[in-house]
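One structure below.
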Amino acid sequence: MLLLMISCTNNQKENLTSPEKSSYLDYSGSDDQITGGIKMIPVETAIGTFNVYTKRMGNNPKIRVLLLHGGPGGTHEEFGNFDGFLPKEEIEYIYYDQLDSYYSDKPNDSTLWTTEHFVEEVEQVRKALQLNKDNFYLLGQSWGGILAMEYALKYQENLKGLIVSNMVASAPSYTKYANEVLGPQMDPDVLKEIMDMEANHDFDNPRYSELLMNHYYTEHILRMPLEKWPKSVNLLFEHLNPNIYVYMQGHSEFGMTGNATLKDWDVSGRLSEIKVPTLMLGAKYDTMDPTYMEWMASEVQNGRSVTTNGSHLSQFDDPETYFSGLIKFIKDVDAGEFK
């Protein structure tokens with residue numbers, strides 16, 4: 001009897017000390033182990049070959065999410081808190097700075113600042129990372145949402161799932177919503193001062209940024225007092241490339257201004273061409289009309305809509321809804337249960 005008890009005790013100890021190990025955080029033997037998951041990927045362009053930054057987080061051959069940041073000219077830092085939610089679900093995700101963004105090469109040539117160029121850039125990154133229709137989820141936030149939709153319209157045969165976060169399918173609709181819905185919610189004196197400066201093209205006036213940050217960004221970009229904004233969001237703004245941002249988006253998030261090249265962009269009439277499972281992630285207080293984003297989910301052939309109680313960066317101001325919706329979508333698609 002004593003020997004039996006000792007044997008059972010030893011078996012219990014083995015069970016406690018030898019759990020089945022997950023390979024999610026095992027980088028051993030991979031070609032990016034020595035760099036901690038970082039790969040600088042060469043991208044061929046019309047003016048030469050340049051390197052873009054990627055960093056793989058985790059290891060799941062069945063679920064691999066490529067993250068497309070906003071801006072244009074933003075950085076992967078806007079996804080800084082994904083580290084707090086996706087690893088426990090063993091979802092592999094890949095940070096990526098597009099060309100002319102902070103961690104990548106910066107040729108600073110406006111001939112490359114087109115949706116056509118960036119679609120082909122994403123395709124080259126996909127090939128280099130060996131992403132395919134059996135594992136490739138593409139998540140684009142803001143400008144990244146534009147890029148994700150454009151990529152899907154050309155290369156959806158490579159995708160397993162598409163996530164459009166905080167971006168409508170029409171730039172004119174985005175600007176109209178800012179001018180006709182969100183702007184009038186501001187203090188009338190503040191709005192008038194902003195509009196006067198825009199009319200005078202006084203965009204470099206520090207007062208312009210000050211008013212927008214304190215009266216618009218804290219309401220519709222990230223609903224927190226500026227002093228409480230997470231470090232990763234502050235780094236996003238510090239590292240933003242203003243040249244490409246102004247060229248394609250305009251001078252602020254308050255609609256698309258001036259000669260911004262994206263101001264007439266519109267694929268709303270083509271959403272029905274998108275066949276792959278698609279999640280539209282909108283937000284109640286976003287710069288993008290959440291009702292419009294819900295409509296987008298009904299326009300694609302296989303869509304779902306989630307609306308958070310956050311704003312443009314709702315991964316930070318309503319992470320519970322944002323990540324639960326994102327994770328459920330990915331797992332439903334992976335299991336073949338997406339409806």
Side-chain angles (χ1 to χ4, degrees), residues 69-71 73-74 77-81 141-146 164-168 170-199 202-203 205-238 240 242 245-246 249-258 260 262-263 280-294 296 305-323 325:
H69 62 70
E77 289 154 328
E78 74 171 69
F79 300 114
N81 70 338
Q141 198 271 341
S142 194
W143 143 251
I146 292 178
V164 178
S165 176
N166 308 92
M167 187 66 224
V168 292
S170 164
S173 294
Y174 155 44
T175 301
K176 181 179 180 182
Y177 187 66
N179 291 334
E180 297 183 5
V181 179
L182 301 184
Q185 295 175 12
M186 298 170 68
D187 180 294
D189 293 335
V190 171
L191 178 60
K192 182 180 185 307
E193 193 172 352
I194 290 171
M195 298 307 292
D196 286 346
M197 281 187 278
E198 289 194 352
D202 194 12
F203 299 109
N205 188 330
R207 178 71 173 159
Y208 180 71
S209 297
E210 177 191 343
L211 289 172
L212 283 172
M213 291 297 287
N214 286 288
H215 297 275
Y216 193 74
Y217 284 36
T218 51
E219 292 292 328
H220 304 295
I221 301 299
L222 179 56
R223 291 174 66 80
M224 299 178 186
L226 289 174
E227 63 272 15
K228 292 187 178 181
W229 280 22
K231 182 62 176 178
S232 55
V233 175
N234 290 328
L235 287 172
L236 163 67
F237 279 88
E238 288 174 26
L240 179 73
Y245 179 83
V246 171
Q249 157 75 27
H251 291 269
S252 77
E253 294 294 300
F254 190 50
M256 293 190 179
T257 56
L262 287 173
K263 69 179 181 180
M280 301 297 179
L281 261 172
K284 182 177 179 179
Y285 302 101
D286 197 355
T287 52
M288 307 295 162
D289 183 355
T291 303
Y292 188 107
M293 289 211 66
E294 291 171 359
M296 288 166 60
S305 173
V306 170
T307 302
T308 75
N309 287 312
S311 57
H312 198 53
L313 294 175
S314 54
Q315 64 266 38
F316 288 99
D317 53 17
D318 186 8
E320 293 81 8
T321 308
Y322 187 95
F323 286 105

Residues Y322 and S165: side-chain donor-acceptor under 3.5 angstrom: yes

For [X] and [Y], which heavy atoms make the closest approach, and how far apart are they?
| X | Y | value |
| --- | --- | --- |
| T307 | P290 | CG2-CB, 4.0 Å |
| H312 | T287 | ND1-OG1, 3.2 Å |
| Y245 | H251 | CE2-C, 4.0 Å |

Considering only distance and modelled atom types, tabulate donor-acceptor pairs under 3.5 Å from the side chains of residues 183-191, sequence neighbours left out.
| residue | atom | partner | partner atom | Å |
| --- | --- | --- | --- | --- |
| Q185 | NE2 | V181 | O | 3.4 |
| D187 | OD1 | D189 | N | 2.8 |
| D187 | OD1 | V190 | N | 3.3 |

Do [X] side-chain atoms and [Y] backbone N/O form a donor-acceptor pair below 3.5 Å?
| X | Y | value |
| --- | --- | --- |
| N179 | G255 | no |
| E78 | G70 | yes |
| N309 | K284 | no |
| Q249 | S252 | yes |
| E77 | N234 | no |

Y292: what forms a ring-ring contact (aromatic ring centres under 6.0 Å, His included) with it, not counting sequence neighbours? W295

Ring-plane angle category for Y208 and F203, please: parallel below 30°, perpendicular beyond 60°, tilted otherwise. perpendicular

